[in-house]
Amino acid sequence: MERTIPFTDKKEESFSILEWANLLKEKGSLMELVDRRLGSDFNKEEVLVMIKVALLCTKVTATQRPTMSSVVSILEGRTIVEEVYSETSEVLDEKR
């Protein structure tokens, strides 16, 4: 089964991997980002954590991005990525 990269608007000249990742996140299909050539030779939970951290680190607003110490903590398994998601939401709520 061959996968194709979805285009949001046929008039667009380009479609970035970040836009694709955010679209897949909204659809609950982040695992579609994984290269199929890997087969099943990877830890699904670890891959999801890395993808979620990467998406957090690409936020436009600095206050929405995790600190490097938070990223390291997540990747080492000491912090759950969802805790960082909620922390960034709290920071935004405080700014409003």
Going by heavy atoms in the side chains, are Leu56 and Arg65 under 4.5 Å from each other? no
Side chain to side chain, Leu75 and Val72, heavy atoms closer than 4.5 Å: no
Is a side-chain donor or acceptor of Glu19 paired with a backbone partner of Ser16 at a separation under 3.5 angstrom? yes
Just by distance, do the side chain of Ser29 and the backbone of Glu32 share a donor-acceptor pair under 3.5 Å? no
Ser70 and Thr67 side chains, donor-acceptor separation under 3.5 Å: yes
Is it the case that one hydrophobic cluster holds both Leu24 and Leu38, taking links as side-chain heavy atoms less than 4.5 Å apart, direct or via other members? yes
Steps toward side-chain contact (heavy atoms from CB on, under 4.5 Å) verdict (Val81, Leu48): CA-CA 10 Å; Val81 72; Leu48 284 173; over 6 Å; no
Would you find a donor on one side and an acceptor on the other, under 3.5 Å apart, between the side chain of Thr61 and the backbone of Gln64? no
Got a second to check how far Lys52's NZ is from Ile74's CD1, nearest 0.5 Å? 10.5 Å
Under a 4.5 Å cut-off applied to non-hydrogen side-chain atoms, are Leu30 and Val47 in contact? no
Got Cys57 and Val71 here, is their nearest side-chain heavy-atom distance under 4.5 Å? yes
Applying the 4.5 Å side-chain criterion to the ILVMFWY set and letting contacts propagate, would Ile17 and Leu55 be lumped into a single cluster? yes
